[in-house]
Amino acid sequence: MRDVRDVLLVDGYNMIGGWPELFELSQRDLQEARDRLLERLADYQAFSGRKVIVVFDAYRVPGLGKSYSQNKVAMVFTKEKETADECIERLVGELSHRRRQVYVATSDMVEQHVIFGQGALRVSARELLIQVEQSEKEIQAQIAKRSESSSRNTLDSKLSPEQRQFLERWRRQ
């Protein structure tokens, strides 16, 4: 059976440049900024139910044209001489069908005019950050609620919030 979940295509370096925390981190360690982006998007994917695909321009990293998953988030590194915008345009064409909505998170609206003309919906870097932060708050509230409702004699009540968060993330993977 085909996966018919909505898809969120993310221009990875656009988000790193558009999210203040990740931009500052990228100035010190680009790999750490990519990892942090993927970690946050993995939590968002688990919460929202959308399939998340992050596209990176491969000129900044090894692995031209490669695809793989990290934390259940699919990553695509563009082919040689292919921009992230061109790759996203190609992916929208491959992923679009009647039972699936494709969202594109990018700051390059002008570069993506073709896909928006095909029906993909735009999510700005700021809008996605707000959605991700909201999902993180909801996840924390659910963890806290579970902790409060458990009795003192359970293992859960003996774990720190950081340990519960780690185990919750592990459970979703």
For residues 16-26, which side-chain N or O atoms pair as donor and acceptor with protein atoms under 3.5 Å away, sequence neighbours left out?
unit_1	atom_1	unit_2	atom_2	d
W19	NE1	A125	O	2.9
E21	OE1	R40	NH1	3.0
E21	OE2	R36	NE	3.2
S26	OG	F23	O	2.7

(request) List in chain and number order the residues that pass salt bridge (Lys or Arg N to Asp or Glu O under 4.0 Å) with R90, two or more places apart in sequence or in another chain; answer none if no residue qualifies. (result)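 Per chain and number, R90 pairs via salt bridge (Lys or Arg N to Asp or Glu O under 4.0 Å) with E82, E94.
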(message) If only side-chain N and O atoms count, and only distance matters, is there a donor-acceptor pair under 3.5 Å linking Q142 with E138?
(response)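 No, no side-chain donor-acceptor contact under 3.5 Å.
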(request) Determine whether the side chains of R50 and Y44 contain a donor N or O and an acceptor N or O closer than 3.5 Å. (result)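 Yes, a side-chain donor-acceptor pair sits under 3.5 Å.
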(request) Applying side-chain hydrogen bond (donor to acceptor under 3.5 Å, both in side chains), name anything that partners E133, two or more places apart in sequence or on another chain. (result)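 Partners of E133 by the side-chain hydrogen bond (donor to acceptor under 3.5 Å, both in side chains) criterion come out as none, since no residue qualifies.
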(request) Name all residues meeting the side-chain hydrogen bond (donor to acceptor under 3.5 Å, both in side chains) criterion together with E32; count only those two or more places apart in sequence or in a different chain, and write none if there are none. (result)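 E32 satisfies side-chain hydrogen bond (donor to acceptor under 3.5 Å, both in side chains) with no residue once adjacent residues are dropped.
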Write down the atom of [X], the atom of [Y], and the distance for their closest heavy-atom approach.
| X | Y | result |
| --- | --- | --- |
| L128 | V123 | N-CG1, 3.6 Å |
| A120 | V92 | CB-CG1, 4.3 Å |
| V55 | L91 | CG2-CD1, 3.8 Å |
| S135 | F47 | CB-CD2, 3.3 Å |
| T106 | R122 | O-NH2, 3.4 Å |
| I115 | E89 | CG2-CA, 3.4 Å |

(request) Before giving the answer on side-chain contact (heavy atoms from CB on, under 4.5 Å), spell out for V10 and I53 the whole-Å C-alpha distance, their side-chain angles and the decisive distance to 0.1 Å. (result) CA-CA 6 Å; V10 178; I53 302 172; over 6 Å; no
(message) Using the side chain to side chain contact (heavy atoms under 4.5 Å, CB included) criterion, which residues pair with L167? Sequence neighbours excluded.
(response)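 Counting only residues at least two positions away or on another chain, L167 forms a side chain to side chain contact (heavy atoms under 4.5 Å, CB included) with L159, W170.
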(request) Apply side chain to side chain contact (heavy atoms under 4.5 Å, CB included) to D43 and list each qualifying residue two or more places apart in sequence or on a separate chain. (result)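 D43 satisfies side chain to side chain contact (heavy atoms under 4.5 Å, CB included) with I139, R169, R172 once adjacent residues are dropped.
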(request) Would you check, one step at a time, whether the test side-chain contact (heavy atoms from CB on, under 4.5 Å) holds for V104 with L121? (result) CA-CA 6 Å; V104 178; L121 299 174; over 6 Å; no
